[in-house]
Amino acid sequence: MTDAAAPRRPPRPARPPRPLDEGWREFVTPEGVDLRLKIASFGERCGAFILDGLIMLGVLIAITLLLLVLQLRANFTYSSEAAQVTWLLGFFLLRNFYFIGFEMRPGAATPGKRAMGLRVVTRDGGRLTANAVFARNAMRELEVFLPASFLFATGLGVDAGLVVLGAIWSGVFVLFPLFNRDRLRLGDLAAGTMVVKAPRRVLRPDLARDGPALVGALAFTEAQLDAYGVKELHVLEEVLRKADRRTVAEVSTRIRGKIGWEAPLEVSDMAFLGAYYAGLRARLESRLLFGHRRADKFDRP
Amino acid sequence: MAELQLKSHRFRAEREADWRRLESLLSRVEKGGARTLNRDELVEMPVLYRQALSSLSMARAISLDQGLVGYLESLCTRAYFFVYGTRSRPLERLAGFFAYEWPAAVQALWRETLVSALLMVAGGVGAFVLVSRDPDWFYGFIPQALASGRDPTATTAFLRDTLYSKASAHEALSTLAAFLFTHNSQIAIFAFALGFALCLPTAGLMIFNGCMAGAFLALFASRGLALQATGWMMIHGVTELFAVTLAGAAGFSVGWAVAFPGERTRVDAAADAGRRGASVMAGVVVMLFVAGLLEGFARQLIQADAVRLSIAAASALAWGLYFYLPRRARPA
């Protein structure tokens, strides 16, 4: 009877343990390179949605005012009907096709999303089809307009109870993104999409070459350079790029103490850190070429 | 070259020009679309993209400069979405949608369509029987605002008049058509979205929709106006009810996929059903546009029962043939 006991489905492959920096997601291109996308946070998406809502409201008010003005100016028989038709169709198009239209463009983002540096991608790395965009936005009826209708509903007795139950039920859909790892809302689930951060970055100067100090002006011994690993190097890079005076002074004191630096000549904190960064990177990178990647300072060589 | 002492320095110096070139092309594309590129630049794009990708892999292996790796990641992501993004021409897509995609999606949902139609018919028959037995049931099915005087207390003459009311002037018809189209489309999209909640709300909506039609018909039938009322309702109703049925079917398919995903994961099943349902729904909006025109214009302009009924029959035939006539598969 081993057959009956066998599971119906093949067991799922065990998930790798969660990385410490949550919110990053693997995204492998057909060329086999992982682009590592960052999932947009709930707050960012709310911000984008509020922006879009404000824009839609603004457009609606503008259309209404324009039509009113036109009606007052041109006072012939068809104008009022034409205005009504325009308003009805305009409202419908805005409510349903504002999101769809913008997300089908190459940028795959509404103005609100673009302002927050977000875009829509498919979860499997394939093309974002018109169908997927339609599906993810049609679900908005369930997530926004249904709860809103319960919000404005009134009732007495049993009806009131039903309204409360309905509000709780529809609240599940609103808060759905908070309860999964990829911050998917229902629309994303129904369309196989997700929203990621896609900021534009500029290429910044290489600190080890064009940094604040001339490379080689200060010489460090190997023992001094072996005090830290890659993780500390990255922190140091951030400190140097931000160049906040107090942080630089603090970090500089810390490092001087740790490596037992006795100043042969007086150097500024910034110059000292720049030189140490260049030296540490040269040391770590050359070891990297030999296959030793020293993760952090606890990773003894 | 004393200052290029690090491997990562030399690596960056050799490739930086190509990255900058890709970046400038991408900035142009993101602003003005693919049209802003000439032929040579279009050919150059994938090559630059692959170079940037290999640079990224390399940078991750040999460089510890986070600024560089971050820049390359962002550059490659932007280029990836251009190279693998949607690029078919809109007109071609539209033609393909009506010729192949939409009918195929509707055909694939035949089971759900059947269920959806049966629910609606069941609602209609149930309401018809109930209202025929006891006219008070009418108020349970039809909201006061929608009835606008057409209830069991109305006179037969009044009811007959509502069937053949002419709009006061032609211009009122366009407003009516626009209102009906937007209102019905919103309900259809809502029915689709509700399907996600495990089908039940959509089923309720379908039954209720049938109930309203059944209650109206029962009221008119009790005054011997059954045939006339059928013509009045079905001239647009065939198209409209079919569209709503399809919207319900699309909703059912999503809800079913969420509840019973079968061999696939729930997320994959939902995404597949959602995309197919969306394809049906895009067509449903078009159908409701046609229905809006029929209801807003044709019903008011055509007063003869026979013509109304024959339009209803013709539209049923046309939609049936369009969706379910076997056809060749889409050429690849």
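- Residues Y49(B) and T29(A) have side chains in contact (heavy-atom distance under 4.5 Å, counting atoms from C-beta outward).
- Of all heavy-atom pairs spanning L35(A) and C76(B), the tightest one is CD2-CB, 3.6 Å.
- Taking the six-membered ring for Trp, F196(B) and F173(A) have ring centres at least 6.0 Å apart.
- Looking at every heavy atom in both residues, G274(B) comes nearest to A135(A) through O-CB, 3.5 Å.
- A salt bridge does not link E285(A) with K7(B): every distance from a Lys NZ or Arg NE/NH1/NH2 to an Asp or Glu carboxylate oxygen is 4.0 Å or more.
- At least one side-chain heavy atom of V267(B) sits under 4.5 Å from a side-chain heavy atom of R123(A).
- Using a 4.5 Å heavy-atom cutoff, the side chains of L146(A) and L194(B) are in contact.
- To the nearest 0.5 Å, atoms CZ (R200(A)) and OG1 (T77(B)) are separated by 13.0 Å.
- Taking chain A as the reference chain and counting heavy-atom pairs below 4.5 Å, the highest number among S63(B), A257(B), G277(B) is found for S63(B).
- Taking the centre and axis of the six-membered ring of Y84(B), the NZ or CZ atom of R127(A) falls outside the cone set by 45° and 6.0 Å.
- Under the 3.5 Å distance criterion, with hydrogens and angles disregarded, a donor-acceptor pair is assigned to the side chains of S8(B) and R281(A).
- For CZ of F289(B), the number of neighbouring non-hydrogen atoms (other residues, nucleotides, ligands) closer than 6.0 Å is 12 at most.
- Between chain A and the residues T182(B), I189(B), D65(B), the most heavy-atom pairs under 4.5 angstrom are made by D65(B).
- Listed for the E237(A) side chain is a donor-acceptor partner under 3.5 Å among the backbone atoms of G67(B).
- Taking each heavy atom of R12(B) and D206(A) in turn, the nearest pair found is NH1-N, 3.4 Å.
- Contacts with chain A were tallied for R78(B), Q186(B), R20(B); Q186(B) has the most, counting heavy-atom pairs under 4.5 Å.
- Counting heavy atoms from C-beta on, the side chains of V85(A) and F179(B) never come closer than 4.5 Å.
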